[in-house]
Amino acid sequence: MGADQNHNWQALADSALEWWRDAGVDTLVGDTPFAWLSEEAAREEAVASPAARAGAAPASAPLAATLPATAEEFLRWRIGEAAPEAGWGGALVAASGPVTADLMVLIDCPERDAGDSLLGGAAGRLFDRMLAAIGRSRDDVHIASVCARRPTAGRMPRDLEARLGEIARHHAGLAAPKRLLVLGDAASRAILSANVMAARGGLHVLNHDGGRVTEVAASFHPRMLLERPALKAEAWKDLQLLIGGLS
């Protein structure tokens with residue numbers, strides 16, 4: 001193994017340890033056994049959980065004919081002049097990471113200091129540590145946002161919420177990942193029609209055309225974790241739920 005690879009592994013390990021420390025993790029063994037390597041067991045657990053029974057995600061609604069039918073066309077359209085946010089100020093920020101990834105992350109909008117990528121700045125650095133803690137990085141996760149541009153007030157306009165939610169669900173359907181992590185209330189409402197506090201605690205089922213299924217977990221946006229560090233321990237539980245059963 002070369003020096004660069006050693007350096008990368010050390011950086012990942014340091015990020016994971018920093019996140020675990022912030023989340024208050026003092027042991028990697030819980031009181032209840034968990035079948036980490038069994039996808040079938042994880043699915044059975046999700047179906048059996050009260051949250052999953054009570055809060056299944058809505059099936060994908062019929063889509064407007066204007067939404068592109070392939071991932072490649074959609075990603076190009078999403079940052080084009082036909083996107084609902086095209087008339088807003090600021091830059092349109094594209095989704096990142098492989099669209100074929102087994103894990104997708106959805107947030108509300110680009111950060112104020114994000115530059116040309118999603119989840120930049122301090123929130124992005126915390127997000128990177130969260131990914132490292134579950135053995136992932138931006139290279140193997142598809143990251144998207146409900147709003148491709150940051151709204152002026154930093155919040156999604158209510159008059160566009162339904163349309164942008166439809167677009168986000170279409171995006172998830174084209175990517176069809178095994179798991180989808182929605183971070184923050186706006187992303188949770190777009191996919192699950194519920195705020196994070198109501199959606200946390202179980203895996204929800206999002207149905208796609210052709211019988212494909214994505215399991216959805218909800219958690220706090222890294223922006224919220226920076227404002228309220230005590231929530232990091234709860235976010236760690238959400239991440240454990242998210243990766244249970246993923247190979």
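Using a 3.5 Å distance cut-off with no hydrogens or angles, the side chains of His142 and His171 do pair a donor with an acceptor.
In this structure, Arg150 contributes its side chain and Pro110 its backbone to a donor-acceptor pair below 3.5 Å. A side-chain donor-acceptor contact under 3.5 Å links Asp185 to the backbone of Val196. Using modelled atom types, no side-chain atom of Arg169 and backbone atom of Ile191 make a donor-acceptor pair closer than 3.5 Å. Of the possible donor and acceptor atoms, none in the side chain of Arg149 sits under 3.5 Å from a partner among the backbone N and O of Val93.
Separation of atoms CG (Asp128) and CG (Leu119) is listed at 8.0 Å; rounding is to 0.5 Å. With values rounded to the nearest 0.5 angstrom, Met130 atom CE is found 10.0 Å from Phe220 atom CZ. Rounding to the nearest 0.5 angstrom, the gap separating the CG atom in Leu241 from the CD atom in Glu215 is 9.0 Å. With rounding to the nearest 0.5 Å, the separation of CD in Glu111 from OG in Ser145 is 10.5 Å. Interatomic distance, Leu181 CG to Asp238 CG, rounded to the nearest 0.5 Å: 8.0 Å. The CG atom of Leu118 sits 11.0 Å away from atom SG of Cys147, with the distance rounded to the nearest 0.5 Å.
The two atoms that bring Arg212 and Ala176 nearest to each other are NH1-CB, 3.4 Å, heavy atoms only. Looking at every heavy atom in both residues, Pro222 comes nearest to Phe127 through CG-CB, 4.0 Å. The shortest heavy-atom contact between Ala172 and Pro177 is O-CD, 3.6 Å. Considering every non-hydrogen atom in both Pro84 and Arg78, the closest pair reads CD-NH1, 4.2 Å.
Using a cutoff of 4.0 Å between basic side-chain nitrogens and carboxylate oxygens, Glu234 and Lys237 are scored as salt-bridged. Glu73 has no carboxylate O lying under 4.0 Å from a charged side-chain N of Arg76, or vice versa, which leaves the two without a salt bridge. Salt bridge status for Asp108 with Arg189: absent, with no side-chain N to carboxylate O gap under 4.0 Å.
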Self-check item: Chi angles and distances behind the side-chain contact (heavy atoms from CB on, under 4.5 Å) call for Leu226, Leu126
Solution: CA-CA 8 Å; Leu226 290 173; Leu126 176 56; 3.9 Å; yes
Exercise. In sequence, state the C-alpha distance, the side-chain angles, and the governing distance for Trp236 and Leu231, and then conclude on side-chain contact (heavy atoms from CB on, under 4.5 Å).
Key: CA-CA 9 Å; Trp236 173 238; Leu231 291 176; over 6 Å; no
Exercise. Give the intermediate values and the outcome of side-chain contact (heavy atoms from CB on, under 4.5 Å) for residues Arg228 and Arg223.
Key: CA-CA 9 Å; Arg228 298 177 59 187; Arg223 193 186 307 123; over 6 Å; no
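Looking only at side-chain heavy atoms (C-beta outward), Val99 and Met104 stay at 4.5 Å or farther from each other. Inter-residue side-chain proximity for Val182 and Ser188 is flagged as met; some heavy-atom pair is nearer than 4.5 Å. Side-chain contact check for Pro151 versus Cys109: some heavy-atom pair is nearer than 4.5 Å. Side-chain contact between Leu180 and Leu106: present, with at least one pair of heavy atoms (C-beta onward) separated by less than 4.5 Å. For the pair Val205 and Val216, the minimum side-chain heavy-atom distance is 4.5 Å or more. With contacts defined as side-chain heavy-atom distances shorter than 4.5 Å, the pair Leu174/His208 does not qualify.
If you chain together hydrophobic residues whose side chains sit under 4.5 Å apart, Phe74 and Leu92 never meet in one group. A continuous path of Ile, Leu, Val, Met, Phe, Trp and Tyr side chains, each step under 4.5 Å between heavy atoms, connects Trp88 with Val146, placing both in one hydrophobic cluster. A chain of hydrophobic side-chain contacts below 4.5 Å, direct or via other Ile, Leu, Val, Met, Phe, Trp or Tyr residues, connects Ile243 to Leu225. Linking Ile, Leu, Val, Met, Phe, Trp and Tyr whenever their side-chain heavy atoms come within less than 4.5 Å puts Leu67 and Leu75 in one cluster. Hydrophobic clustering (ILVMFWY, side-chain heavy atoms < 4.5 Å, transitive): Met224 and Leu242 are in one cluster.
Paired with Asp102 under the rule salt bridge (Lys or Arg N to Asp or Glu O under 4.0 Å), one option of Lys178, Arg136, Arg179 passes, and it is Arg136.
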